[in-house]
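Read the structure below first, then the notes.
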Amino acid sequence: MEKEMLHEHEILVIGGGLSGLRASVEALRGGKDVAVLSKVHPLRSHSVAAQGGINAALGNTPDRGEDHWEDHAFDTVKGSDYLADQDAVDILCKKAPEAVIELEHMGTVFSRFDNGKIAQRPFGGAGFPRTCYAADRTGHNLLHTLYEQSISGKIKFYDEYFVTSLIKENGTCVGCTALDVREGTLHAFSGNVILATGGFGRIYNRSTNALINTGDGAFLAYDVGAALEDMEFIQFHPTTLYGSNILITEGARGEGAHLKNSEGERFMKDYAPDAMELAPRDIVARAIITEVNEGRGIEDEYVHLDLTHLGEEKIKERLPGIRQIAMDFAGVDPVKEPIPVQPGQHYSMGGIFVDKDCETDVPGLYAAGECSCVSVHGANRLGGNSLLETVVFGKTAGKKASEEVKDKEVNESIFMDSVEKDRELIDSIVGKKDGILYSEILKELRETMFQHFGVFREGDMMKEGLDKIKRLKEKFEDVYVGSDDKKFNQALIRTLELRNMLLISEIVAIGAIEREESRGSHYRTDFTERVDEKYLKHTVVRKGEEAPELEYSSVNLDRFEVKEREY
Amino acid sequence: MKLKIFRYDGEESHYDEFEVPHEPGQTVLDALFYIQENLDDSLSFRYSCRGAVCGSCAMLINKVPRLACRTQVKTLVEGEDSAEIKHYPALDKGDEIPERAVLVEPLPHLPVEKDLIVDQDKFFEYYRDVEPMLKTEGEAPQKEYEMSPKEVNELEEYTNCILCAACFGACPVDGENEDYRGPAALAKLYRFHIDPRDNEDRLELADHEDGWWACEFHTNCQKVCPKNVPPNIAIGKARSQLQKEDE
């Protein structure tokens, strides 16, 4: 390795979405030398697509009185089907108001009430209108704001660098290696590592996620011995656009949209008579699939999300992005006709195990945001809590990783070895003359995950799914890339992503099979009840000698009593 | 469906033609993925959200800069494309649009790196030059700065920009004057200028011949913008304000 291929920093943030940028800004404030590595330009990160909003008990809604962070915490814990760690939820909800105000002070243009305060709308599973928003482009506004903040300082950006491995020295994470996608060269980086790589939704064929959400961070962490937690809990968003599965925000229902089956009935009355369309996402998603399965879907595929009664003015003001999406991608103007929607994968509740300080169980390695599991979402995340998690825990990760920067010599040979190892891997994939293309395996994997580990799950079906995943892993041994281009070899990147996705899928499968109960998003037709005595526990999976090893760990239940979940 | 695609490997360029099976609702981005996954895995193009929010996939499609992910193949092939922009020299380079086919080329006015990928460094350099970050004076309030819904509405017109650079590739002035900051950067500058929280005197930052004064109001920027951002209006307002200050 040439000397210039080793880049020394104090903090390496992997991922340039909201969590990564918030962590970077915090580390910069702590006076650290910060670098951000992202496989895309940071503004192309999936955070940009978040629509509905960010929760905080500001109590801004006129005539509704005060809101309290404890109520926000209760809604979050109940929504999680009691699997969230209540001490972590405390932090999330207590810090929410200051986090939102801070974003506003940084420049985010939130929507406003007439009195000039940040507007808040009702969201699913919440007992109060608590979701702050910027029309239906909240993620876009927040990401641009944080990017503006991060370029105003001395953060070094490595855009379009795909991280291939983490590097450990005596049990501590000391850096990473990455492929410069533009040039096709491998580089090594030293520093404390914060993973902020987002979720892994693209292991499913129907997903709202950006195409880049392939679980890279979870793979990297697992590979160096960090634990993954609650990976079987996958959120299916009830309302994704039929066809492309682009998200149609819960904010639409928050503003009063109705869900209707082929008979024109508001069927949520049969599933959640009080909360109706604003029941939590797991409940609404199951209701829609049940309607379709029982013959009350439209074209046996979808139901209608009806906004027409809201009127043109309200739709244009509050949901302009949704209207544009419906027109561009389904040829439907929601002012005039209902939007065809179906459930699709949306969020990964599980992720890299971290404590309240965002530390993984590998020293020197931290994680925040969707790639991590501090466990504030448990078995089902409430809408508006993911953006909140990115900024609250992104900040924590940046602070903690900065505090633990140690002054020490970089052992070059370890970095050189890691680069060599990754070079060999890449050469072995690119150098092959024939074999199986990544696209073939990927297509099968995504179909398998949706069929076998979807909204409704069942033991034998899942075991069959796991066998399929294992066969696909074997097939991957013969994967090859036809193009030997150095520059922008996207087939190579997508093949490396597939390697990550295959492992993640296996861990989702193992966790789902072992958990013989129904809780939140994990619903089993063969075990329809929640079983607290045995499974009010986190699933923890680590790399074993030969196969992944699973165990359970306790849930923090400090604040609220565990109850049945009714809406 | 036939797609004719510009190819460049860092040394030489040519066009390749591909036949892609039609699917309902197929976008140009879907078609590019079909090619990459089934016909030629060396084809390179940027992508991420596939939902017209991330700004990765702006390219020249049938001689109009637009996002590949929100452009339907069928509309183009059947000649129902209604996009009309003012003609400019960059559109005369390269091949003509074939009959009943889609011509896909990289965004003009930025150096091509590979196939449909352009080097956006200059675009983002101009963006950084306008110092796009809120600058306030004095103690911040305990709570949010208050703002009226009307002020927010005006700001939203500009905060909606996704920095895809379609306007940069569509602006005739950017084709002629490589120092022109371009529509997106100027719209961003104007966004901070009208932000009631911001205390900086912003307009002077682009009060020069490569800033506000270079625009010739062709309005291609607004026409190609996937988010309907109107840089031309921002530039017009900035100019008249500067003129008033001079008087």
Side-chain angles (χ1 to χ4, degrees), chain A residues 40-41 43-46 48-49 58 100-101 104-107 109-119 134-135 137 139-141 144-145 148-149 151-152 182 208 210-212 243-244 246-247 317 321 324-325 328-331 437-439 442-443 481-483 485 487-491 494, chain B residues 9-10 24-25 27 33 36-38 40-56 70 72 113-115 117 119-120 124 127-128 131-134 136 140-149 151-153 155-156 159-163 191-192 195 197-198 226-228:
Chain A
V40 292
H41 186 284
L43 289 175
R44 317 310 183 200
S45 305
H46 182 53
V48 83
L58 296 175
V100 169
I101 296 299
E104 198 276 335
H105 289 174
M106 285 176 173
V109 180
F110 284 101
S111 297
R112 304 289 166 146
F113 286 127
D114 286 336
N115 63 14
K117 293 192 167 145
I118 294 173
R137 302 183 179 109
H140 160 86
N141 280 279
H144 280 250
T145 298
E148 289 157 12
Q149 291 293 309
I151 58 169
S152 62
R182 284 170 109 152
T208 63
L211 301 163
I212 57 172
S244 58
I246 295 174
L247 177 66
E317 187 201 320
Q324 199 174 7
I325 287 168
D328 285 348
F329 294 95
L437 284 174
Y438 74 90
S439 47
L442 180 59
K443 189 163 180 284
V481 171
S483 165
D485 288 352
K487 288 169 82 81
F488 287 101
N489 192 330
Q490 291 177 324
R494 298 189 72 196
Chain B
D9 62 3
T27 63
F33 272 117
Q36 194 189 66
E37 290 174 4
N38 299 284
D40 182 349
D41 74 358
S42 70
L43 179 66
S44 300
F45 51 93
R46 285 200 182 95
Y47 61 88
S48 175
C49 78
R50 66 80 176 83
V53 284
C54 79
S56 296
R70 75 187 276 267
Q72 299 280 323
E113 292 204 70
K114 186 174 178 238
D115 298 342
I117 296 179
D119 180 349
Q120 297 195 333
F124 278 107
Y127 159 80
R128 278 193 301 271
E131 300 173 20
M133 60 282 298
L134 191 73
T136 55
Q142 280 271 308
K143 296 205 166 165
E144 65 267 55
Y145 290 96
E146 291 186 4
M147 248 195 259
S148 71
E151 285 171 316
V152 169
N153 286 345
L155 274 167
E156 268 178 356
T159 55
N160 284 341
C161 169
I162 58 174
L163 294 172
R191 167 250 177 279
F192 284 101
D195 194 313
R197 300 168 292 186
D198 195 273
K227 298 287 149 186
N228 301 318

As an exercise: rank A:N141, A:T208, A:T145 by heavy-atom pairs under 4.5 Å with chain B and give me the winner.
A:T208
If we define contacts as heavy-atom pairs under 4.5 Å, which of B:P149, B:C49, B:S42, B:G51 has the most with chain A?
B:P149
Chain A contact via B:F33 - side chain, backbone, both or neither, heavy atoms under 4.5 Å
side chain
Rounded at 0.5 Å granularity, tell me how far CE in B:M147 sits from CD1 in A:I118.
8.5 Å
Is there a donor-acceptor contact under 3.5 Å from the side chain of B:S48 to the main chain of A:R44?
yes
If you tally heavy-atom pairs under 4.5 Å between each of B:I162, B:D198, B:N38, B:D195 and chain A, the highest tally belongs to B:I162
Distance check, rounded to the nearest 0.5 Å: A:H46 atom NE2 versus B:C54 atom SG?
10.5 Å
A:K443: which residues meet the salt bridge (charged side-chain N to carboxylate O under 4.0 Å, His left out) condition with it, sequence neighbours left out?
A:E447
Between B:K143 and A:E104, does the salt bridge (Lys or Arg N to Asp or Glu O under 4.0 Å) criterion hold? Intermediate values first, please.
CA-CA 9 Å; B:K143 296 205 166 165; A:E104 198 276 335; over 6 Å; no
Tightest non-hydrogen contact, residues B:R197 and A:V109, listed as NH2-CG2, 3.6 Å
Interchain contact, B:R191 with chain A, by part (heavy-atom threshold 4.5 Å):
side chain
How long is the straight-line distance from CZ of A:R182 back to CG of B:D119, given to the nearest 0.5 Å?
4.5 Å
Chain B contact via A:A119 - side chain, backbone, both or neither, heavy atoms under 4.5 Å:
neither
Strictly distance-based, threshold 3.5 Å: is any side-chain N or O of B:S44 a donor or acceptor partner for the main-chain N or O of A:F488?
yes
Without swapping roles, check the side chain of B:D41 against the backbone of A:S483 for a donor-acceptor pair under 3.5 Å.
yes
Looking at B:E156 and A:R137, does any basic side-chain N land under 4.0 Å from a carboxylate oxygen?
no
Would you check if the side chain of A:H144 reaches a backbone N or O of B:L163 as a donor-acceptor pair within less than 3.5 Å?
no
Minimum side-chain heavy-atom gap B:R70-A:Q324 below 4.5 Å
yes
Using side-chain heavy atoms (C-beta onward) and a distance below 4.5 Å, is A:D485 in contact with B:D9?
no
To the nearest 0.5 Å, how far apart are CD in B:E131 and CD in A:E148?
12.5 Å
Closest-packed option against chain B by number of heavy-atom pairs under 4.5 Å, given A:I212, A:L437, A:V481:
A:I212
Of the listed B:R50, B:Q120, B:Q72, B:E113, the one with the largest count of heavy-atom pairs under 4.5 Å with chain A is B:R50
Has the side chain of B:R128 got a donor or acceptor atom that lies under 3.5 Å from a matching backbone atom of A:I151?
no
List the steps and the verdict of side-chain contact (heavy atoms from CB on, under 4.5 Å) for B:Y47 and A:Q490.
CA-CA 11 Å; B:Y47 61 88; A:Q490 291 177 324; 4.0 Å; yes
Any Lys/Arg nitrogen of A:K117 or B:E144 sitting under 4.0 Å from an Asp/Glu carboxylate oxygen of the other?
no
B:E37 and A:R494: salt bridge (Lys or Arg N to Asp or Glu O under 4.0 Å), yes or no, with the steps?
CA-CA 10 Å; B:E37 290 174 4; A:R494 298 189 72 196; 3.0 Å; yes
Residue pair B:P141 / A:H105, side-chain heavy-atom distance below 4.5 Å
yes
Counting C-beta onward and ignoring hydrogens, is there a side-chain heavy-atom pair between A:L43 and B:F124 closer than 4.5 Å?
yes
